[in-house]
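Report on the following structure.
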Amino acid sequence: MKALFNLTIMAVAGYFGYLVEPNLRHVLTGVEPSAAEKAVNTRVMLQLEGGVQLDLLSLTADQLPSQVTVNIGLDVVNVGARQMMRIEAGSKLKLLRIEGGNAVVSPAELDFVGRIPVDQTDLLAQITAAHSAQVAPSESVPAPESQAPIVEEKAEPEQPVAPVVEPSNRPADEPVPAAAADGGNSDVVQVMKDCVTAGQIKEFTPQQVLDWKSEGDELVDGEKFQIGVVSYKAETIFGIKTLQAKALVRGGKVQRWVRPKSGVEIK
């Protein structure tokens, strides 16, 4: 009876080891783990031009290219439909995210997902090329030869003509409505402006902002907030891009800033 119990414990431990740890699976079955399995717990650091060291996992979705080309074939899986599709080498796939040393990819407009080591795609080459384009010295453009300005002589009017000033229908001391200037809820917009101007967020400055919007109320983690969205220009390794930040406003203050799609907090 004791021997049977020991065998059962060993079998259960071996089964979970097979599922959880690829290296242990190799010990138990002799089957080598796949390249994607080996890359799960790795961290990719890029040494870029100018001595810049970049952790691939530090890049947000907005800073990554939308597509990558795979150098080897791989299988992608539709878990819901229990289907598998073979992707051939040289195919362009949508880049969903980075997990460890793997790129999570998908064919366009399909619910199939696969994982492939980043060094088996052109992702690293794209990032390196984008960074090199940023640090490359700009070509000097020769200044045009100076030319004497052409001055046209205008005949002087015989008599000065007094300007016609039309009376304004708005009293001089009547302010322009804030809602009309900001295109929405002036309170939320003003709260966001005050927050950014005060330097309470380091991600961007008022000079980078393209527009401010109020988008009503929203429940976030069971709490009700007024929502504002800011679009701003920012320098990324892929050049200048338009990014967005969502403000969660309550009690007349911005409680926190997050990415609109991922919900990741912005400091």
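- Partners of Thr42 under the side chain to side chain contact (heavy atoms under 4.5 Å, CB included) rule, at least two apart in sequence or in another chain, are Ala39.
- Of all heavy-atom pairs between Ile87 and Pro107, the closest is CD1-CG, 4.0 Å.
- Inter-residue side-chain proximity for Gln208 and Ile240 is flagged as unmet; no heavy-atom pair is nearer than 4.5 Å.
- Lys92 and Thr69 share a donor-acceptor pair across their side chains, judged by distance under 3.5 Å alone.
- Applying the salt bridge (Lys or Arg N to Asp or Glu O under 4.0 Å) test to residues at least two apart or on different chains, none of the pairs has a partner in residues 58-71.
- Applying the side chain to side chain contact (heavy atoms under 4.5 Å, CB included) test to Glu203 and every residue at least two apart in sequence or in another chain returns Ile201, Tyr232, Arg259, Ile266.
- Sorted pairs that involve residues 225-238 and meet salt bridge (Lys or Arg N to Asp or Glu O under 4.0 Å), not counting sequence neighbours, are lacking altogether.
- Applying the ring pair (Phe, Tyr, Trp, His ring centres under 6.0 Å) test to pairs two or more places apart or on separate chains, those with a residue in residues 245-265 are Phe204-Trp257.
- Within the structure, side-chain hydrogen bond (donor to acceptor under 3.5 Å, both in side chains) pairs that include any residue of residues 77-91 comprise Asp75-Arg86 (at least two apart or interchain).
- The ring pair (Phe, Tyr, Trp, His ring centres under 6.0 Å) contacts involving residues 49-107 comprise nothing, where partners must be two or more places apart or lie in separate chains.
- Evaluation of the ring pair (Phe, Tyr, Trp, His ring centres under 6.0 Å) test over residues 53-96, restricted to residues two or more places apart or in two chains, returns none.
- Taking Gln47 as the reference, Gln53 meet the side chain to side chain contact (heavy atoms under 4.5 Å, CB included) condition, with sequence neighbours excluded.
- With respect to Arg250 and Glu223, a salt bridge is recorded, a charged nitrogen being found less than 4.0 Å from a carboxylate O.
- For Leu46, the side chain to side chain contact (heavy atoms under 4.5 Å, CB included) test picks out Leu48, Leu54, Leu124, Ile127, with sequence neighbours left out.
- Between Val254 and Val191 there is a side-chain heavy-atom pair separated by less than 4.5 Å.
- Counting heavy atoms from C-beta on, the side chains of Val76 and Ser106 never come closer than 4.5 Å.
- Checking side-chain atoms of Asn102 against main-chain N and O of Arg115 turns up no donor-acceptor pair under 3.5 Å.
- In this structure, Asp211 has no salt bridge (charged side-chain N to carboxylate O under 4.0 Å, His left out) partners at least two apart in sequence or on a different chain.
- The existence of a salt bridge linking Glu218 and Lys224 is excluded, since no basic side-chain nitrogen approaches an acidic carboxylate oxygen closer than 4.0 Å.
- Residue Val77 is found in a hydrophobic cluster whose other members, listed by chain and number, are Val79, Met84; membership requires side-chain heavy atoms under 4.5 Å apart, directly or through intermediates.
- Listed here is the closest heavy atom pair of Val189 and Ser214: CG2-N, 4.3 Å.
- Gln244 and Ser231 share a side-chain donor-acceptor pair at under 3.5 Å.
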